2 protein chains.
Amino acid sequence: MKSPSHPRDRGIPEATVARLPLYLRALHGMAERGVATVSSEDLAVAAGVNSAKLRKDLSHLGSYGTRGVGYDVEYLVYQISRELGLTQDWAVAIVGVGNLGRALAGYGGFVSRGFRIAAVFDADPEVVGDDIAGLNVEHIDELEAVIERRGVSIVVLATPAAAAQEVCDRVVAAGVTSILNFAPVVLTVPDGVDVRKVDLSIELQILAFHEQRKAGGPLMAVDSQ
Amino acid sequence: MKSPSHPRDRGIPEATVARLPLYLRALHGMAERGVATVSSEDLAVAAGVNSAKLRKDLSHLGSYGTRGVGYDVEYLVYQISRELGLTQDWAVAIVGVGNLGRALAGYGGFVSRGFRIAAVFDADPEVVGDDIAGLNVEHIDELEAVIERRGVSIVVLATPAAAAQEVCDRVVAAGVTSILNFAPVVLTVPDGVDVRKVDLSIELQILAFHEQRKAGGPLMAVDSQ
DNA sequence: ATCCTTTTGTGAACCGATGCACAAAGTCAC
DNA sequence: GTGACTTTGTGCATCGGTTCACAAAAGGAT
Ligand SMILES: NC(=O)c1ccc[n+]([C@@H]2O[C@H](COP(=O)([O-])OP(=O)(O)OC[C@H]3O[C@@H](n4cnc5c(N)ncnc54)[C@H](O)[C@@H]3O)[C@@H](O)[C@H]2O)c1
Ligand SMILES: NC(=O)c1ccc[n+]([C@@H]2O[C@H](COP(=O)([O-])OP(=O)(O)OC[C@H]3O[C@@H](n4cnc5c(N)ncnc54)[C@H](O)[C@@H]3O)[C@@H](O)[C@H]2O)c1
């Protein structure tokens with residue numbers, strides 16, 4: 001029922017992977033509004049990208065569109081979800097239950113995408129044992145045991161910068177190979193471990209750079225997102 | 001005292017701009033430890049990048065190194081800060097004082113880089129008037145007036161997705177041209193307005209994709225940060 | 001003054017990503 | 001069935017960014 005050549009090619013470009021969640025979000029919105037099929041043009045607008053880029057991105061997953069018609073919304077949601085690995089659900093642990101860790105633990109937007117907060121850890125005895133968004137805060141000493149017991153495969157680091165590398169080393173030693181880091185440090189990890197970082201301070205600095213340019217000379221190029 | 005050709009070229013590559021804050025962070029650490037000069041190799045390691053890339057990045061700002069020696073740490077800190085616009089300080093407003101907005105408002109890492117939280121807004125009458133990290137929560141009706149009065153030039157959006165576009169339109173109308181968006185929506189803005197987005201859910205989905213690959217076939221390429 | 005060592009700054013090859021533009025493939029009306 | 005119309009999938013030119021590799025520059029030793 002599918003063409004024989006490359007039904008699902010290994011090796012999707014990184015830039016494409018980073019956009020798939022965007023398409024997925026737009027598609028979910030459409031599915032909710034009862035839209036059955038969508039053209040690359042309309043979906044591209046909803047996701048804020050160029051339609052040729054969108055088509056090329058989707059072509060890496062397979063030929064799921066119908067010429068003259070567009071893409072079946074439900075079917076595409078399924079294909080993208082499967083490609084991203086969202087058909088299973090992922091046990092996530094958060095380490096560091098401070099300002100940020102609390103906000104993350106209480107956030108509903110993760111669960112709705114198949115990410116289940118399976119554990120939260122902290123080193124502060126004042127915090128350990130507290131109930132955060134329905135979860136008991138575990139002591140950091142339990143890190144390895146709890147990760148193993150609950151099958152945690154993704155760890156979110158929300159500790160102070162000074163503790164991040166040490167915690168990172170421990171979670172890696174415990175077998176975790178996917179880390180989302182909020183601490184403003186460059187983490188050193190062995191090959192095979194993925195680290196993604198979110199640094200709000202860097203984002204503000206980039207905005208400041210462009211803002212300064214706008215204020216300064218009347219020669220500038222802007223926008224992006 | 002400087003070469004005549006292009007002492008400070010306009011048009012620094014976007015990829016370079018995104019890394020300058022990283023170099024700055026590493027340099028601050030070195031300055032604190034009393035390091036006076038640093039080679040591109042050492043700084044590159046501290047920032048987690050390739051040294052040729054670092055040198056090319058710095059060369060866009062000017063020729064601030066000394067062959068055979070390296071870069072003067074203090075001087076380079078100053079040059080990068082100036083380029084990024086961090087020699088002035090920036091008034092930032094946060095809109096939406098929920099889980100995330102609170103964490104951001106209380107975060108010290110912004111102030112230390114020249115970003116001053118000048119105002120926080122919310123629509124919920126329960127929250128308006130509260131004291132958050134020493135700031136009085138303003139009603140969203142005051143948005144335009146307060147932005148103008150306090151010279152706010154960067155706005156952080158931490159409202160629910162449904163409210164984000166409307167708030168965005170209002171801050172843009174009030175003259176703001178730099179926005180950091182945490183809401184999971186594609187914002188539409190006029191030319192000349194910079195939007196940067198932070199989407200934690202997307203980061204997790206990208207990690208899940210790679211995690212799935214690792215678990216699946218024994219043919220994979222990983223790491224990055 | 002000359003040589004040797006170190007390290008910068010950059011030319012050039014390379015690589016991945018973008019976007020145009022169009023043939024191929026499908027739908028729909030009649 | 002035929003023809004007009006729509007929209008996908010992709011070849012190709014282009015672009016921005018990365019990395020290699022080295023000549024030029026600086027400093028220190030003798
Ligand atoms: N709050 C923000 O908006 C924000 C923004 C950008 C970056 N960050 C970064 O995120 C991280 C957390 O920020 P925060 O504001 O929540 O800080 P925080 O100080 O409020 O919380 C840190 C928590 O980590 C715990 N902790 C310390 N050492 C630990 C260890 N070894 N193991 C486990 N837990 C440990 C502390 O007990 C504390 O509860 C920091 O690195 C910060 O730079 C925060
Ligand atoms: N909490 C997280 O960890 C997290 C993670 C990723 C993304 N986000 C996104 O960040 C945003 C905020 O998340 P949150 O968890 O803080 O949500 P929240 O519901 O706790 O807070 C939202 C706040 O915005 C206020 N608000 C609503 N409409 C407003 C308006 N028109 N003007 C001003 N204020 C208004 C609400 O009163 C509330 O205080 C959401 O879009 C969410 O999807 C949050």
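Order of the sequence lines sets the chain letters (A, B, ...), proteins ahead of strands, with each chain counted from 1. For clarity, every value in this text was computed on a predicted model and none was experimentally measured.
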*L61(B) CG to dT8(C) C1', straight-line distance once rounded to whole Å*: 14 Å
*asked:* What is the separation between atom CG on D72(B) and atom P on dT8(C), rounded to the nearest whole Å?
replied: 13 Å
*Which pair of non-hydrogen atoms, one from G114(B) and one from D89(B), has the smallest distance, and what is that distance?*
O-CB, 3.1 Å
*Who passes salt bridge (charged side-chain N to carboxylate O under 4.0 Å, His left out) against E144(A), sequence neighbours left out?*
R170(A)
*Do I202(A) and I206(A) pass the side-chain contact (heavy atoms from CB on, under 4.5 Å) test, and can you show the C-alpha distance, the side-chain angles, and the key distance before you say yes or no?*
CA-CA 6 Å; I202(A) 288 184; I206(A) 296 171; 3.9 Å; yes
*Which whole-number value in Å describes the distance from L58(A) CG to dT10(D) C1'?*
13 Å
*asked:* Just the rounded figure in Å: distance from P of dT6(C) to CZ of R55(B).
replied: 15 Å
*What parts of residues 31-52 of chain A reach DNA chain C, counting only heavy atoms under 4.0 Å away?*
N50(A), A52(A)
_Residues S40(A) and R55(A): side-chain donor-acceptor under 3.5 angstrom_ = yes
_Strictly distance-based, threshold 3.5 Å: is any side-chain N or O of K214(B) a donor or acceptor partner for the main-chain N or O of T177(A)?_
yes
_Heavy-atom pair with the smallest gap, counting every atom of L84(A) and Q212(B)_ = C-OE1, 3.8 Å
*When you check every protein heavy atom under 4.0 Å of nucleotides 12-17 of chain C, what one-letter string (B, S, -) results, 5' to 3'?*
B----S
*Under the salt bridge (charged side-chain N to carboxylate O under 4.0 Å, His left out) test, which residues partner R67(A), sequence neighbours left out?*
none
Report, one pair per line, the protein and nucleotides 23-27 of chain C atoms (nitrogen or oxygen only) whose separation is under 3.5 Å.
{"residue": "dA24(C)", "atom": "N3", "partner": "R67(A)", "partner atom": "NH1", "Å": "2.7"}
{"residue": "dA25(C)", "atom": "O4'", "partner": "R67(A)", "partner atom": "NE", "Å": "3.4"}

*Value in whole Å for how far the C1' atom of dG9(C) lies from CG of L54(B)*: 12 Å
*Can you name the nearest heavy-atom pair linking P21(B) to V17(B), along with the distance?*
CD-O, 3.0 Å
*Between Y71(B) (OH) and dT7(C) (P), how many Å, whole number?*
12 Å
*Given Y64(A), which of Y75(A), Y23(A), Y71(A) fulfils the ring-ring contact (aromatic ring centres under 6.0 Å, His included) condition?*
Y75(A)
*Considering residues at least two apart in sequence or located in another chain, which fulfil the ring pair (Phe, Tyr, Trp, His ring centres under 6.0 Å) criterion with F209(B)?*
none
*Which residue, V189(B), V193(B), T188(B), forms the side-chain contact (heavy atoms from CB on, under 4.5 Å) with C168(B)?*
V189(B)
